[in-house]
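Here is how names work: the chains are called A, B, and so on, in the same order as the sequence lines, proteins then strands, and each is numbered from 1.
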Amino acid sequence: MKLLIQKPVIFISLSAMLLAIIAIYMLTIGTASIPVHTVLSIILEKLLGIHNQDIPTTQQTIVWNFRGQRIALAMIVGSGLAVSGTCFQTMFKNPLADPFILGVSSGAALGASIAIVTGRTDCMIVLAFTGAILSLAMVYFLGQQSMHNSSDQQLLLAGIACGAMLNAMLSALMALNSQQMQMIVFWLMGSLTNYVDTLMPVFVIVSIGVMVVMLFARDLDVMALGDEDARFLGVDVDKVKPLLLIVTSLMTGACVSVSGIIGFIGLIVPHIVRKIVGTTHLVILPLSAIFGAIFLLLADGLTRMVPLMSGIPVGVVTALFGSPFFLYILYATGRRLR
Amino acid sequence: MDILQIQSLTVGYGAKAVLENISLTAKEGEFISVVAPNGTGKTTLLKTIAGVLLPINGSIHLNGKNLSSYSRRELARQIAVVGADILAPGYDALQMVLMGRFPHSSRFSGPSANDHAIVEAAMEDVDIWHKRRCQYSELSQGERQKVIIARALAQQPQLLLLDEPTAHLDIANQFAILQLIKQAALQTEMAVIAVIHDINLALEFSTKLLFVKNSQVLAYGNPEKVATTANLKELYGMDFTLYHDAAATYVRPNLKKEDE
């Protein structure tokens, strides 16, 4: 284990392989059981055009269109949220910061709810994303001063205040439209089963976002020391920080708009990764992406494999299993430190 | 050659000036100590020279170019700052000092073998290499101060700004570290500006002194010219006696006798 931690490339590669194995396994399970070799054949054929066995169209549709989309969505959303969380925690030097701390989720929820109550569910993703972006713009505008006087507290407070206001508007909307309340609540709990035409926009936003954040991995190492020290060491905090905030918030907004609010991933995955591999962002960021994807795949897998949990939204599962696991990690680390 | 030229500088936060009309020049190998009572804006002055705060008035030139024409990265290659104690959860001492190489290394490749060699030398110099694997946050305050000084030396700056660099060090380490910095300044042709509370340390190591009182420069120049009993009385509001011997000049406040 120690060797793996000292050789991060090996650790990252092994984790990526683990992710691939879990993803392939998840493609095999469901109401119709499809063997691994069939799944692999379908993947090879769809991705590389290699045709090596005749597979019924129904199986192809189940694996590639239904399960494939859900699994891809889980991986994209899990990665996006975990990387955003890592970035937020470092930039704000706050272990409680998560991707939703600047009110993105509330804006997206309000947008989605407006789509639901006006009966325009086809516009739900667009409205959720618009809500996320508008709430962000408001938080940045109101907390703007903090960018210059190096106090992040103002930005966080603006985020919390805007979030509270948007949540109140959301509650009012739900109270006035009680017949659609169930649908809104279900969306709020986070789900990977929302109908999405194409994953391309969220995939592109999250991929570009992760790449941009990776470009600033070394800057993040230095920014963990605080804005002032980072400036002394050559990081242009006044440019890098707003850029990363906007990029990560766009990622979060894109994720929330397709999956609802899946909590806890952005909070606990970065913590777990940090506890395993330390503080170098060049290692933490890719591992957060991989473990975020694994975590959400497993949580989603539980809702598909365990009959009792089949009706529970994945956002509930992430919190249900994520928090005790996180508490255990905290407990185990505390014991080791003693 | 002048590394730093400051003319008629007023520093402060926003429009509120805390220190006015400062002019000084720092040449290669010079060690300038800023001596002033608490709360006179010394740290604000250092931050302004480091380019972190904007001057309210006046100009700062680094190697003949206006400070504002440098990017943050370029500045960090030429100016290193040893500031207040910071928290750095999760980093060990070696990682902290390696960050001094951040402005010199590429964004993608990370620290090179040469960077590691420079860091090791800097840590050896301040006698903290043996603690390189220790968590920075678990070191004593004095050890942390040494780590930050090593980091500043690893930055290989032309101008080193020190904000009470010896505040948490014992007397042996105070002298050892300041001597090391002074030697480094002479060897690498670096200029040093240090905020120092201990007037005797300032007298021991400085080539120039800057006395500041009530937001104004009280005296600036060679230590013999500046550290006079009259200036010291003006600065601290009490009488001092100056002692000279073959090795050094030092001062002592004239305390009232108990029976008086």
Min side-chain heavy-atom separation A:V210-A:L285 under 4.5 Å:
no
Whether A:F88 and A:F92 hold their rings parallel, tilted or perpendicular, with breakpoints at 30° and 60°:
parallel
For the residue pair B:I196 and B:L178, establish whether any side-chain heavy-atom pair is separated by less than 4.5 Å.
yes
Atom group of B:L75 that falls short of 4.5 Å from chain A, counting heavy atoms:
neither
Is there side-chain contact between B:I22 and B:V11, with heavy atoms separated by less than 4.5 Å?
no
I want to check something: taking the side chain as every heavy atom from C-beta on, are B:V212 and B:V34 in contact at a cut-off of under 4.5 Å?
yes
Applying a strict 4.5 Å limit to non-hydrogen atoms, the region of A:V237 in contact with chain B is neither
Any side-chain heavy atom of B:I49 sitting closer than 4.5 Å to one from B:L67?
no
Side chain, backbone, both or neither: which part of B:P111 has a heavy atom under 4.5 Å from chain A?
both
Side-chain contact, heavy-atom cut-off 4.5 Å: A:F291 with A:I272?
no
Given side chains that start at C-beta, do those of B:L94 and B:V119 come closer than 4.5 Å, heavy atoms only?
yes
I'd like a table of all donor-acceptor pairs linking chain A to chain B (distance under 3.5 Å, no angle check), giving the atom names and the distance to one decimal.
unit_1 : atom_1 : unit_2 : atom_2 : d
A:L215 : O      : B:R107 : NE     : 3.3
A:R218 : NH1    : B:S105 : OG     : 3.1
A:R218 : NH1    : B:S106 : O      : 2.8
A:R218 : NH2    : B:S105 : OG     : 3.4
A:D219 : OD1    : B:R107 : NE     : 3.2
A:D219 : OD1    : B:R107 : NH2    : 2.9
A:D219 : OD2    : B:R107 : NH2    : 2.8
A:D221 : O      : B:Y91  : OH     : 2.6
A:E228 : OE1    : B:K47  : NZ     : 2.8
A:D229 : OD2    : B:R151 : NH1    : 2.7
A:D229 : OD2    : B:R151 : NH2    : 2.8
A:R231 : O      : B:R72  : NE     : 2.8
A:R231 : O      : B:R72  : NH2    : 3.4
A:F232 : O      : B:Q155 : NE2    : 3.4

Tell me, for B:I79 versus chain A, whether the close heavy atoms (under 4.5 Å) come from the side chain, the backbone, both or neither.
backbone
